[in-house]
Amino acid sequence: MDFANMLSRAKIASYALMTATAAQKDAALLAMADALIERTPAILEANETDLKHARDSGMKRAMIDRLLLDEGRVAGMAEGLRKLAALPDPVGGADEMIKRPNGLLIAKRRVPLGVVGIIYEARPNVTADAAGICLKSGNVSVLRGGKEAIASNTAIVEALTAAALEAGLPAGTINLVEDTSRDSAFAMMKASGAIDVLIPRGGPGLIKSVVENANVPVIETGTGNCHVFVETDADLDRALRIVINAKCSRPSVCNAAEKLLVSRPIAERFLGLAAEPLRAKGVEIRGDKAACALIPWATPATTEDWYTEWADYILGVKVVDSFDEAVSHINAHGTRHSEAIVTENYTLAQRFLNEIDAACVYVNASTRFTDGEEFGFGAEIGISTQKLHARGPMGLREMTSVKYCIYGDGQIR
């Protein structure tokens with residue numbers, strides 16, 4: 001099916017899907033979860049094709065991890081759909097009811113956005129998450145993944161669409177753009193009137209391109225140049241656990257830590273604790289002058305490094321002279337995603353929460369918790385770093401808009 005026909009079918013499907021009942025949508029989600037499990041062998045076979053191409057092309061280890069599917073990850077995708085089915089329907093009920101002096105009754109209702117386009121990169125689990133979130137919130141999805149995962153995405157969407165159709169939802173509820181060229185991404189950016197909202201989910205180049213070129217409304221998901229600040233009054237053992245987890249548990253994802261700031265009075269002690277465990281995990285340290293003096297195997301950081309999201313086993317390390325310097329550095333170099341402080345000082349913890357400009361700000365916890373599942377929202381469509389409509393992990397409510405329904409008995413103005 002060509003792109004224009006796909007969008008035409010998607011728009012027609014969106015009018016039917018917006019009136020689907022919660023029971024219909026939940027039945028489809030459960031059927032889709034079962035289909036993923038039933039088709040796991042075919043999905044893994046397709047994924048192996050993508051992995052072979054990735055290895056042959058010299059893709060980095062961390063990026064291959066993003067691409068990899070196994071039985072556990074497919075089962076996790078299915079479980080994500082089941083959890084979505086168990087959540088309350090975000091569509092329909094009145095958020096607010098206002099009765100005016102003239103007798104008009106104004107209801108503020110939640111409604112779907114319509115046709116949601118998502119342009120994303122190498123993580124095939126996003127395909128199931130995005131399709132499921134859109135469906136539960138009454139939205140049609142138009143999914144355009146990267147070339148690295150096209151075989152995996154195709155196999156996943158085949159399973160999902162067959163199940164959704166069998167459950168009685170309209171054809172065109174879930175759509176995959178099979179053309180992974182830049183032309184297809186650009187066509188989505190220019191599909192005003194056919195796509196209601198466009199969400200880019202990927203690296204800074206992709207997001208910048210969509211924001212600058214789209215005439216479709218965009219919800220900007222952000223890159224994650226995330227910081228952990230180990231403050232003078234930190235519990236150092238706790239800080240070490242947080243830093244190792246934030247950097248090493250899955251460095252390819254956007255909520256992984258990219259930078260470590262350490263207060264000067266504890267820098268020698270803490271970096272002495274942290275350097276070898278990080279090295280054992282394969283982490284490359286790029287430090288400022290003070291950090292390089294304390295970690296002999298570190299390499300000097302460039303100015304550009306402090307702004308960079310590597311999504312890899314690389315960590316920028318900076319020694320700071322004060323709390324204010326740390327806050328200033330984070331606000332100047334961060335991407336408004338997730339930032340953390342490790343401290344036992346209540347006053348500074350509260351100041352950090354108040355003064356850091358980011359969607360998610362942590363005290364004594366890893367940045368890796370910035371995730372719709374971890375926040376109790378079910379699967380997420382992405383992490384929004386903008387300040388309009390949606391910010392932070394975007395769950396079901398963020399995938400809806402509002403409609404005002406006004407009841408009268410003959411009032412005129």
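The first residue of the sequence shown is numbered 1, and numbering continues consecutively from there.
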Okay, side chain of E258, backbone of A311: is any donor-acceptor separation there less than 3.5 Å? yes
Please confirm whether the backbone N or O of E220 pairs with a side-chain atom of Q386, one donor and one acceptor, at under 3.5 Å? yes
Compare every heavy atom of T221 with every heavy atom of R201, then report the nearest pair and how far apart it is. CA-OG1, 3.5 Å
Quick check on salt bridge (charged side-chain N to carboxylate O under 4.0 Å, His left out): which of R397, K108, K403 does D95 satisfy it with? R397
Check the surroundings of atom CD in E45: do more than 12 heavy atoms from other residues, nucleotides or ligands lie under 6.0 Å from it? no
Residue pair I356 / F229, side-chain heavy-atom distance below 4.5 Å: no
Inter-residue atom distance L278.CG - I244.CD1, 0.5 Å rounding: 4.0 Å
For a quick test of reading the model, state the closest non-hydrogen atom pair linking W297 to V283 and the distance between them. CZ3-O, 3.6 Å
Spacing of CG belonging to N47 relative to CG belonging to D70, to within rounding of 0.5 Å: 8.5 Å
Apply salt bridge (Lys or Arg N to Asp or Glu O under 4.0 Å) to D65 and R123, showing your working. CA-CA 9 Å; D65 177 67; R123 292 172 61 186; over 6 Å; no
Under a 4.0 Å threshold between the charged nitrogen and the carboxylate oxygen, would R66 count as salt-bridged to D312? no
Hey, does M189 have a side-chain heavy atom less than 4.5 Å from the side chain of S209? yes
Under a 4.0 Å N-O cut-off, is there an ion pair linking E178 with R144? no
Is D305 salt-bridged to K318, going by a charged N under 4.0 Å from an acidic O? no
Strictly distance-based, threshold 3.5 Å: is any side-chain N or O of N331 a donor or acceptor partner for the main-chain N or O of E355? yes
Check A185 against I119 and note the closest heavy-atom contact, atom names and distance. O-CD1, 3.9 Å
N175 (side chain) donor-acceptor with G172 (main chain) under 3.5 angstrom: yes
What class does the angle between the rings of F352 and F323 fall in, given that below 30° is parallel, 30 to 60° is tilted and above 60° is perpendicular? perpendicular
Whether over 12 other heavy atoms sit under 6.0 Å from R100 CZ: no
Between S322 and D324, is a side-chain hydrogen bond (donor to acceptor under 3.5 Å, both in side chains) present by the stated rule, with each step listed? CA-CA 5 Å; S322 67; D324 288 338; 5.3 Å; no
Does a side-chain heavy-atom distance below 4.5 Å link L271 with L260? yes
Looking at S14 and G114, would you say the former's side chain and the latter's main chain have a donor-acceptor pair under 3.5 Å? no
Should the pair H329 and W306 be assigned to parallel (<30°), tilted (30 to 60°) or perpendicular (>60°) ring geometry? perpendicular
Under 3.5 Å: donor-acceptor pair, side chain of K136, backbone of L87: yes
Under 3.5 Å, is there a donor-acceptor pair between the side chain of T180 and the main chain of G146? no
Between N125 and R73, is there a side-chain heavy-atom distance shorter than 4.5 Å? no
Main-chain N/O of L176 paired with N153 side-chain donor or acceptor, under 3.5 Å: no
Main chain of A20, side chain of Q24: is a donor-acceptor contact present, judged purely on distance under 3.5 Å? no
Side chain to side chain contact (heavy atoms under 4.5 Å, CB included) for T308 and N225? Distances and angles first, verdict last. CA-CA 6 Å; T308 300; N225 188 24; 6.0 Å; no
For the CG atom of L160 and the CG atom of L165, what is their distance to the nearest 0.5 Å? 11.0 Å
Indicate yes or no: does E48 engage R55 in a salt bridge with an N to O separation below 4.0 Å. yes
State whether the number of non-hydrogen atoms from other residues, nucleotides or ligands found under 6.0 Å of K190 atom NZ is greater than 12. yes
Side chain to side chain contact (heavy atoms under 4.5 Å, CB included) for T385 and T335? Distances and angles first, verdict last. CA-CA 7 Å; T385 55; T335 51; 5.6 Å; no
Tell me if the OH atom of Y313 is crowded by more than 12 foreign heavy atoms within 6.0 Å. yes
Which heavy-atom pair separates A191 from N215 by the least distance, and what is that distance? N-OD1, 4.0 Å
Where do A128 and L36 come nearest, in terms of heavy atoms and distance? CB-CD1, 4.2 Å
Criterion side chain to side chain contact (heavy atoms under 4.5 Å, CB included) on M394 and I199, from CA distance to verdict: CA-CA 11 Å; M394 294 171 58; I199 302 172; 4.1 Å; yes
Quick one: are I381 and C134 in side-chain contact, heavy atoms under 4.5 Å? yes
Within a 6.0 Å radius of atom CD on E374, are there more than 12 heavy atoms belonging to other residues, nucleotides or ligands? yes
For a quick check under 3.5 Å, do D179 and S181 share a side-chain donor-acceptor pair by atom type? yes
Do P124 and L67 touch side chain to side chain, with heavy atoms closer than 4.5 Å? yes
Taking N139 for its side chain and V116 for its backbone only, find out whether a donor-acceptor pair lies under 3.5 Å. no
pair L315-W310: side-chain heavy atoms closer than 4.5 Å: no
Just wondering, more than 12 heavy atoms not from R109 lying within 6.0 Å of its CZ? no
Does the distance from a Lys or Arg side-chain N to an Asp or Glu carboxylate O, for D196 and K11, drop under 4.0 Å? yes
Distance in Å, T127 OG1 paired with L143 CG, rounded so as to fall on 0.5 Å steps: 6.0 Å
Distance from T347 atom OG1 to D233 atom CG, nearest 0.5 Å? 10.0 Å
Going by the angle between their ring planes, with limits at 30° and 60°, are H333 and Y307 parallel, tilted or perpendicular? tilted
Find out whether R279 and E284 are in side-chain contact, i.e. whether some heavy atom of one side chain is under 4.5 Å from a heavy atom of the other. no
Correct closest heavy-atom pair for S384 and I219 would be OG-CG2, 4.2 Å
CA sep, side-chain torsions, deciding dist, call: H337, E309, side chain to side chain contact (heavy atoms under 4.5 Å, CB included): CA-CA 11 Å; H337 192 294; E309 179 196 32; over 6 Å; no
Distance in Å, E71 CD paired with T40 OG1, rounded so as to fall on 0.5 Å steps: 6.5 Å
